[in-house]
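Here's the structure we're looking at; comments come further down.
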Number of protein chains: 2
Amino acid sequence: MTGQVRTVDGRVAGRRGQATRQKLLDCLGEMLSSSPYRDVKVIDVARKAGTSPATFYQYFPDVEGAVLEIAEEMAKEGAGLTELVSGRSWVGKAAWQTSEELVDGFLDFWRKHDAILRVVDLGAAEGDKRFYKIRMKILNSVTNSLTDAVKELQTKGKVDKEVSAAAMAGSLVAMLASVAGHQKGFTTWGVKQAELKPNLALLVHLGITGKKPVR
Amino acid sequence: MTGQVRTVDGRVAGRRGQATRQKLLDCLGEMLSSSPYRDVKVIDVARKAGTSPATFYQYFPDVEGAVLEIAEEMAKEGAGLTELVSGRSWVGKAAWQTSEELVDGFLDFWRKHDAILRVVDLGAAEGDKRFYKIRMKILNSVTNSLTDAVKELQTKGKVDKEVSAAAMAGSLVAMLASVAGHQKGFTTWGVKQAELKPNLALLVHLGITGKKPVR
DNA sequence: TACTTGTCCTGTCATGCCGTCAGCTTACCG
DNA sequence: CGGTAAGCTGACGGCATGACAGGACAAGTA
């Protein structure tokens with residue numbers, strides 16, 4: 001389905017080529033973690049990978065193109081976030097546990113990939129559809145599951161019909177993503193991780209069920 | 001207090017100089033709206049302003065420095081967001097109105113300054129303290145007011161003591177900021193502005209008061 | 001008006017990154 | 001061992017960066 005990995009000039013990448021390519025991606029990932037996106041240069045990535053800029057351009061059209069590649073990879077992993085919601089219960093004590101685990105899982109994922117996610121977020125906010133699609137892919141895996149949860153609670157009459165399930169789920173997920181992206185900021189401001197998580201869980205619970213949690 | 005506007009080489013900028021400087025800032029602002037941050041070049045800004053790159057460097061150390069300048073200006077305006085919350089009521093029907101107006105005001109502000117806020121957000125996420133400070137200045141104007149509101153409701157016994165007022169306020173504001181930054185994204189995904197706002201207001205209301213709104 | 005002073009702008013230059021190409025080296029295969 | 005395709009890089013024109021010195025300009029002074 002994905003076809004073979006190809007170089008920019010159309011050749012099929014073999015064993016060695018793929019290794020080089022991967023090394024470049026790894027080095028780019030590291031650079032993104034340590035320096036501002038704006039200052040990441042092709043030549044630096046190449047140097048770090050022990051190769052030349054020309055080699056970089058053999059595999060990627062530009063820095064952005066390579067970032068997209070990394071992001072795509074991460075998005076695949078992000079699809080697994082669905083399991084934080086799907087099949088979970090939103091009733092009684094179980095609902096609280098579901099909320100907590102969702103928040104935990106989400107924050108962990110974000111912390112793990114923060115550098116790339118920053119860039120994806122920027123690209124998406126700037127209106128680049130490719131980045132936006134990737135961001136969607138990750139967030140939707142959670143958003144869709146949450147939307148379903150709300151809808152189900154609505155059919156059971158446990159949540160007001162007026163609530164737009166999609167908007168609610170989307171807002172909650174956006175909140176999680178934003179807070180996750182500024183976790184360091186929160187701690188600097190004096191809010192500790194320990195009190196941040198329960199409050200996020202509380203908001204999730206309130207948003208989905210419309211009620212205070214039973215702990 | 002702010003002292004005089006100075007050039008990079010220490011001279012005091014006069015009438016004409018300040019005009020040029022401002023023009024450069026304006027043009028930079030426009031460029032940020034129309035092209036990715038990574039691709040904004042000094043030479044383009046200078047050309048757009050009808051001057052030369054050398055002139056740009058007379059007033060700013062680099063693109064980032066100029067962006068900080070614009071952001072600082074915006075932050076001053078952002079301080080006015082406090083009024084969306086301070087002195088408002090969080091009881092009964094008034095609480096719902098307060099929530100709605102907060103969401104409205106916030107989204108408007110973000111839409112107005114979206115380009116520059118994107119960059120500030122990125123800088124803050126990357127750990128740049130200067131950008132982080134600006135982001136704080138804007139968000140705190142709302143966060144602090146909201147924190148006070150929660151604390152007041154807590155002393156009246158209307159909100160659980162366990163809730164961390166700061167964390168709750170911070171999370172809600174982060175949500176608003178994130179959703180605001182991806183407004184276009186939401187509409188693309190099929191969530192209309194009309195249903196987005198009430199749901200955000202609902203979440204704000206739930207988060208602050210812990211109860212469903214009375215409309 | 002001519003002169004002086006300090007602000008303001010730009011031409012120019014060395015430096016460094018970008019992105020491409022031709023050509024060399026390496027690996028694989030019959 | 002030759003052929004073929006993959007893999008890599010030196011080299012190059014082009015462009016942005018950032019610094020400087022010097023010229024243009026406005027305003028005050030005699």
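This one's a predicted model, so the numbers in the text were calculated from it and none came from an experiment. Computation of the quantities below employed the complete heavy-atom set of this structure, encompassing side-chain atoms and omitting hydrogens, waters and symmetry-equivalent molecules.
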Side-chain N or O of [X] closer than 4.0 Å to phosphate OP1/OP2 of [N]:
X	N	value
A:Thr55	D:dC8	no
B:Thr51	C:dT10	yes
A:Tyr57	C:dT20	no
B:Thr20	C:dC9	yes

[X] [atom1] - [N] [atom2] separation (whole Å):
X	N	atom1	atom2	answer
A:Phe60	C:dT20	CZ	P	15 Å
A:Leu24	D:dG7	CG	C1'	12 Å
A:Asp39	D:dT17	CG	C1'	13 Å
A:Ile43	D:dG10	CD1	C1'	13 Å
B:Gln22	C:dC8	CD	P	14 Å
A:Arg21	D:dA6	CZ	P	15 Å
A:Gln58	C:dC24	CD	P	17 Å
A:Arg38	D:dA16	CZ	P	13 Å

Donor-acceptor check, side chain of B:Thr98 to backbone of B:Arg88, threshold 3.5 angstrom: yes or no?
no
Salt-bridge criterion met for A:Glu77 and A:Lys112 (N-O under 4.0 Å):
yes
Name the closest nucleotide to the B:Ala54 side chain, picking from D:dC20, C:dC18, C:dC8.
D:dC20
Of the listed nucleotides C:dT10, D:dA16, C:dC17, the one nearest the side chain of B:Arg47
D:dA16
Students often get this wrong, so: under 4.0 angstrom with heavy atoms, is [X] touching a base, only sugar-phosphate, or nothing?
X	value
A:Tyr59	sugar-phosphate
A:Arg11	base
A:Arg6	nothing

Checking B:Arg118 against B:Tyr37: charged group under 6.0 Å from the ring centre and within 45 degrees of the axis?
no
Set out, in order, the CA-CA distance, both residues' side-chain angles and the distance that settles salt bridge (Lys or Arg N to Asp or Glu O under 4.0 Å) for B:Arg111 and B:Asp108, then state yes or no.
CA-CA 5 Å; B:Arg111 200 165 25 233; B:Asp108 283 348; 2.7 Å; yes
Residue met sooner reading DNA chain D from 5', once A:Gln18 and B:Lys41 are mapped to nucleotides:
A:Gln18
For B:Arg15 and for B:Pro53, find the nucleotide of DNA chain D with the closest heavy atom, then tell me which residue's nucleotide is more 5'.
B:Pro53
Do B:Glu101 and B:Gln97 get their side chains close enough for a donor-acceptor pair, meaning under 3.5 Å?
yes
